[in-house]
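Structure, as structure tokens:
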There are 2 protein chains.
Amino acid sequence: MGDHDDKARAATIFDVARLAGVSHQTVSRVLNDLPNVRPATRARVEQAIKQLRYVPSPAARALVTRRTRTLGLIVTGAPDYGPSSTALYFNEAARDARYTVITASMRETDAASMRSTAELLVRQNVEAIVLIAAERAAIDALDGIELGVPVVAVASEERGALHRVWLDQYAGARLAVEHLIGLGHGEIRHIAGPSNAMDAAERVRGWAAALGEHGLPAREPLVGDWSPGSGYMHGRTLAADSEMTSVFVSNDQMALGVLHAFAEAGLSVPGDVSIVGFDDIPEAAFFAPPLTTLRQDFVGLGRDAMASVLAVLGDDDRAPAPRVPDLVVRTSTAAPSRERTAVTS
Amino acid sequence: MGDHDDKARAATIFDVARLAGVSHQTVSRVLNDLPNVRPATRARVEQAIKQLRYVPSPAARALVTRRTRTLGLIVTGAPDYGPSSTALYFNEAARDARYTVITASMRETDAASMRSTAELLVRQNVEAIVLIAAERAAIDALDGIELGVPVVAVASEERGALHRVWLDQYAGARLAVEHLIGLGHGEIRHIAGPSNAMDAAERVRGWAAALGEHGLPAREPLVGDWSPGSGYMHGRTLAADSEMTSVFVSNDQMALGVLHAFAEAGLSVPGDVSIVGFDDIPEAAFFAPPLTTLRQDFVGLGRDAMASVLAVLGDDDRAPAPRVPDLVVRTSTAAPSRERTAVTS
DNA sequence: AGAACTCGTCCGTTACAGTCC
DNA sequence: AGGACTGTAACGGACGAGTTC
């Protein structure tokens with residue numbers, strides 16, 4: 001009895017109408033909170049709805065209203081902390097705004113895959129697409145083509161004509177560098193993220209700008225790939241440079257690799273070298289030593305993405321301003337020691 | 001010219017039919033690869049489809065077929081490596097099987113939220129729900145109620161009547177402990193995950209079982225919350241115990257905290273104490289020292305979840321067998337040293 | 001003359017009968 | 001007689017125009 005799916009068709013609006021003794025149109029009015037329904041009638045209808053466990057069919061509704069209240073979300077790359085967090089909070093924000101989200105995760109970002117994925121979403125009649133991608137190319141792949149729906153990209157560089165939300169990587173990088181300068185460091189090296197990553201480029205820009213303003217030299221950045229392994233590799237290179245007193249690393253994972261390389265080389269952090277990371281992943285407070293880094297507001301970013309969608313769709317609000325990361329000072333940074341200190345301008 | 005959304009309604013099957021000079025029904029046959037269409041007619045129709053950039057309406061189709069080819073995915077908790085990876089690979093597997101996935105991420109797991117989220121998905125007419133949740137309670141919240149659609153839970157404990165896929169945490173924990181026993185450790189402590197987490201309980205079970213089989217003592221596990229901070233806290237406690245020569249930590253993040261605590265206490269790893277983690281997060285190879293841990297096959301798990309959905313829906317296949325994590329030996333484990341070694345049975 | 005309903009049409013597809021060589 | 005089509009009804013809601021009190 002009532003054990004498995006009763007194959008009985010779900011109740012329709014007509015079933016509800018019959019049970020409540022009204023027309024289906026009246027039921028529709030109740031469903032959509034329209035006026036001109038007597039309270040008593042409304043109650044009867046609601047009772048019938050409950051009794052029949054009636055739920056309106058989104059397909060039928062979408063067919064006639066030509067609105068699906070559905071959004072497409074494309075997330076590219078590995079399930080890293082930043083994108084995963086952004087996606088999660090965007091998802092929550094969308095649900096709060098009573099939108100449904102169809103997610104398409106993909107590891108490749110070639111133009112053909114990006115395009116066919118976007119078209120897959122369009123075929124589902126999404127009203128807008130949100131794109132969370134680190135690589136410039138992923139954004140550009142969707143920029144040219146006419147999809148018929150607006151695209152909001154989470155992207156820290158201005159690119160083409162897409163709508164855009166972002167966290168201010170440039171300002172964050174400046175904060176990192178100014179913190180090190182404030183401690184007295186004169187040469188601040190940089191380990192950058194991959195050259196195709198927009199965040200990486202913005203951080204390089206901020207690092208170079210802050211250095212330039214203080215008349216400090218900017219040596220060619222070492223380019224990693226976000227992984228701890230690449231941080232380790234470049235860390236070994238840097239360890240051999242006795243001039244270096246501080247490093248701004250473009251993300252926390254690479255900073256972990258650098259820490260590892262320096263420990264192996266017998267360099268003390270922050271005694272010999274100071275290190276600043278970026279992201280403030282949950283692990284960062286427990287590195288050896290705890291990492292000074294920039295905390296990014298992914299909760300806010302996810303909400304901004306949804307706010308931007310609503311703005312574009314004309315439902316609500318205006319697009320938000322970018323947020324600046326917060327410097328979190330831990331013990332991986334300190335004033336340079338006398339021995340290794342070189343040019344303190 | 002063609003600048004913004006042409007407000008022109010998308011083409012319908014009738015537009016295509018008219019252009020191809022056939023009835024809309026013939027177009028439908030072409031769309032659905034049904035027989036009894038002459039090749040020449042088919043070609044004309046396909047040409048018309050291309051020319052009008054026609055895409056069938058999923059809403060209209062769902063309305064009449066009573067199938068949406070849509071799946072609901074509920075992911076609870078923080079955007080951690082394990083659940084995020086599983087969700088990503090499930091998403092890809094679903095797309096490969098030509099299913100659309102509606103995702104609902106949520107941080108709370110109370111019964112009311114779980115239930116209302118599941119009902120939200122049911123209202124979208126999903127054909128099945130996949131649930132990725134660490135906590136027992138999240139599973140149980142969906143177990144009792146009659147949703148009308150099958151639920152596949154990613155859960156390492158058998159619970160209620162839900163369909164289930166999982167990675168074999170019990171076997172993984174045994175591998176960890178046997179590795180330490182093989183190295184000669186006689187007392188193997190355990191830092192567990194939170195008691196409401198199924199993975200944590202299974203790992204405790206495996207740890208205790210392996211210990212029991214070898215006649216070794218199982219001291220009461222310390223209970224953390226998966227965070228590096230809790231690992232650090234328990235690591236400080238363990239550092240004070242001079243009997244202890246090895247620790248099996250229930251995940252890599254907590255192991256990082258333990259490492260940090262031991263370093264502070266002047267304990268050498270693996271010189272004084274050996275440590276094994278669980279998960280093999282990307283950072284684990286770059287901890288100080290690189291962490292011996294158990295690699296989980298989240299790619300496989302995501303695919304298994306989709307395979308299980310197809311099995312339940314009767315489309316395909318049979319449900320898959322659970323996978324056993326792989327032991328990845330790095331340098332955080334070694335034979336116990338003479339000084340701190342106690343009861344080597 | 002409104003408030004409170006009812007009626008009829010339409011949305012874009014697929015399913016089920018026909019119809020015509 | 002059967003391959004290659006065409007015509008007509010649903011599917012489940014929403015909305016504008018009628019109808020009743």
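In what follows, every chain begins at residue 1, and chains take the letters A, B, ... in the order their sequences are listed. These values consider heavy atoms only, across backbone and side chains, with no hydrogens, waters or symmetry-generated copies.
Set against D/dC15, C/dG12, C/dT6, the side chain of A/T65 has D/dC15 as its closest nucleotide. Which of D/dC5, D/dA10, C/dC10 sits closest to the side chain of B/V64 comes down to D/dA10. For B/T12, counting side-chain heavy atoms from C-beta on, the closest listed nucleotide (C/dC5, D/dC5, C/dG12) is C/dG12.
In this structure, A/R164 contributes its side chain and A/A155 its backbone to a donor-acceptor pair below 3.5 Å. Here the side chain of B/R95 pairs a donor or acceptor atom with the backbone of A/S105 at under 3.5 angstrom.
Between B/I13 atom CD1 and C/dT14 atom C1' there is a gap of 8 Å when expressed in whole angstrom units. D/dA4 atom C1' lies 13 Å from atom CG of B/L34, rounded to whole Å. Regarding A/R69, its CZ atom lies at a distance of 17 Å from the C1' atom of D/dG13, rounded to whole Å. In this structure, CG of B/L63 is placed 17 Å from P of C/dC10, rounded to the nearest angstrom. Rounded to an integer number of Å, the gap from A/R38 CZ to C/dA3 C1' is 9 Å. For the pair A/I49 CD1 and D/dG12 P, the computed distance is 16 Å after rounding to whole Å. Rounded to a whole Å, the CZ atom of A/R67 is 14 Å from the P atom of D/dA14. C/dA15 atom P lies 15 Å from atom CG of B/N36, rounded to whole Å.
Remark: the B/H24 side chain and the D/dG7 base include no donor-acceptor N/O pair separated by less than 3.5 Å. No donor-acceptor contact under 3.5 Å links the side chain of A/Q25 to the base of D/dG18.
Taking the six-membered ring where the residue is Trp, the centroids of A/Y81 and A/F298 are separated by under 6.0 Å.
Residue contacts for B/V30: at a heavy-atom cut-off of 4.0 Å it reaches no nucleic acid atom on any strand shown. Base contact: A/T26 has a heavy atom under 4.0 Å from a base atom. Note on B/V16: nothing from the nucleic acid sits closer than 4.0 angstrom, heavy atoms only. Residue A/V27 is out of contact with every strand shown, counting any heavy-atom pair closer than 4.0 Å.
Between A/D304 and A/R323, the closest side-chain pair of non-hydrogen atoms falls below 4.5 Å. Contact of the A/I139 side chain with the A/M198 side chain is registered, since non-hydrogen atoms from C-beta on lie closer than 4.5 Å.
Comparing A/R29 and B/L31 by the nucleotide of DNA chain C that holds the closest heavy atom to each, the one mapping nearer the 5' end is A/R29.
Distances shorter than 4.0 Å separate none of the side-chain N or O atoms of B/R66 from OP1 or OP2 on C/dT14. When the side-chain nitrogen and oxygen atoms of B/S28 are compared with OP1 and OP2 of C/dT14, one or more of them lie within a distance under 4.0 Å. Proximity of B/T41 to the phosphate of D/dC5: a side-chain N or O atom is located under 4.0 Å from OP1 or OP2.
B/R303 has no carboxylate O lying under 4.0 Å from a charged side-chain N of B/D96, or vice versa, which leaves the two without a salt bridge.
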